[in-house]
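Everything on this sheet refers to the single structure shown next.
Both counts, for ligands and for their atoms, begin at 1 and track the order of listing. Note that the structure is a prediction, hence the values are computed from the model and not measured.
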Amino acid sequence: MIALNSPLKPDLKRLNQYLETINERGWFTNFGPLHDELTERLQDYLGVENLLLVANGTIALQLAGRALGVDNLITTPFSFVATTSAFQWQKDTLSFADIDRKSYNLCPNSARSAIVQDESINAVLATHVYGNPCDVENFDSLSKEKNVKVIYDAAHTFGVNVGNKSVLSFGDASTLSFHATKVFHTVEGGAIVFKSKESYEKAKHMINFGIDPSNGIVETGINGKLSEYQAAVGLVNLDKMDNVLEHRAELFQLYSFGLKDLMELPTWHSNANFNGAYMPVKLENRKKAKQLISKLAEEGIQSRAYFSPSLDSVFSNCKNHGTENSDEVVNGILCLPLHFHMTKKNISSVIEAIKRSGTI
Ligand SMILES: *Cc1c(COP(=O)(O)O)cnc(C)c1O
């Protein structure tokens, strides 16, 4: 049996050492020493500043919007449902623009025409889908030209750089998810990387009920903090991340090499490294994608049709500026197994099973 995903398992001996120090101190949450240590180490590891740890990747999105003061976002229909639902939940206004047909990421030109048509849009919300960076250079220009903020849902891009810069340093804010299913995790958790110190400070008060320790209650806030127990898992997992990223990238490249002439794979940003977060492939249509999923299942190989459906069909109350590419991609898309506990041999087995399946 080859599972679609399998969480990184923290080293229990090291974890227990951290847990003992937490119990001795009796400081369990509210910006404790392990929280601060994880913040420092992540900033260092990722090469970013103004990183705020939060309770999960969904609240990271909500807070990024609130801290930047935006409430009307043009977004992608091709992402995990949380990208949209996080903002719908807090009654922000969302509208959809199309994705680029090759990268499956939000298309800057489609976002631009939507903004030209609707001047009340004050932010772009784009996902770096599957760990593949968006066209960050063009979103930068769009942001300057139209005076809109840019928020990236970077839940898939832990450890990804564009050139020699972290992908997280583009835009006004990037959000990460540290859910157990992600490349790096704290069981549940997440982070926001802000461009400005001011927004970071504001969000830090917001996740603590709006309390600024030196000035009292300065915002309407919520509880979005990451606990010491979660930070301990993060610190233990972070020690392994060089290995994890290297192994995942190697598996991803084996897949890509074996499949590139057989089926459609998304086009990657030409200046980015691979973190091997996901292995997406696109078949001709829904029927073939379903067939492949069940053929693989017969051989004990899990795969799943995500991201599907296109989010504009789920949130049909949101304005749609045209989502033809997304509607087409969701029909044939699926993700193959890819996680740290897989071997190179596993990858060959999946590729052979695809070749035998009669779907390509
Ligand atoms: C996982 C994920 C989220 C949600 O993160 P949680 O930590 O589970 O709340 C948001 N966006 C994308 C693209 C994701 O993959």
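Contacts between Glu188 and ligand 1, counted as non-hydrogen atom pairs separated by less than 4.0 Å, are absent for every part of the residue. Heavy atoms of Thr58 found under 4.0 angstrom from ligand 1 belong to the backbone as well as the side chain.
Residues passing the salt bridge (Lys or Arg N to Asp or Glu O under 4.0 Å) test with Lys288 are Glu284, sequence neighbours excluded.
Residue contact check: Ala82 has heavy atoms under 4.0 Å from atoms 4 (C), 10 (C) of ligand 1. Heavy-atom proximity to Ala155, at under 4.0 Å, picks out these atoms of ligand 1: 2 (C), 11 (N), 12 (C), 13 (C), 14 (C), 15 (O). Taking a cut-off of under 4.0 Å to the non-hydrogen atoms of Asn56, the atoms of ligand 1 that pass are 7 (O), 9 (O). Annotation for ligand 1: atoms under 4.0 Å from non-hydrogen atoms of Ser79 are 13 (C). Set against the non-hydrogen atoms of Gly57, the atoms of ligand 1 under 4.0 Å away are 5 (O), 6 (P), 7 (O), 9 (O).
Here Phe80 and Tyr306 keep their ring centres 6.0 angstrom or further from each other.
In the hydrophobic clustering of ILVMFWY residues, with side-chain heavy atoms under 4.5 Å counting as a link, Tyr278 and Phe340 come out apart.
Within the 4.0 Å heavy-atom shell around ligand 1 one finds Lys182. The shell of residues lying under 4.0 angstrom from ligand 1, judged by heavy atoms, includes Gly189. Heavy atoms of Gly190 come nearer than 4.0 angstrom to ligand 1 in no pair at all.
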- Starting from the C-alpha separation in whole Å, work towards a yes-or-no answer on salt bridge (Lys or Arg N to Asp or Glu O under 4.0 Å) for Lys195 and Glu49. CA-CA 8 Å; Lys195 176 162 278 170; Glu49 291 178 343; over 6 Å; no

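Here the heavy atom of the protein found nearest to atom 5 (O) of ligand 1 is Ser177 OG, 3.2 Å. Ranking the protein heavy atoms by distance from atom 11 (N) of ligand 1 puts Asp153 OD2, 2.7 Å first.
At distances below 3.5 Å, at least one donor-acceptor pair connects side-chain atoms of Asn105 with backbone N or O atoms of Val129.
Grouping Ile, Leu, Val, Met, Phe, Trp and Tyr by side-chain contacts under 4.5 Å, direct or through others, puts Phe209 with Ile211, Ile217.
Classification of Glu201 and Lys204 as a salt-bridged pair fails, no side-chain N sitting under 4.0 Å from a carboxylate O. Electrostatic pairing of Lys240 and Glu246 does not count as a salt bridge here, judged by no charged N lying under 4.0 Å from a carboxylate O.
Phe170 carries Lys165 over the face of its six-membered ring, with the cationic atom under 6.0 Å from the centre and within 45° of the normal.
The heavy atom nearest to atom 8 (O) of ligand 1, out of those in His185, His156, His179, is found in His179.
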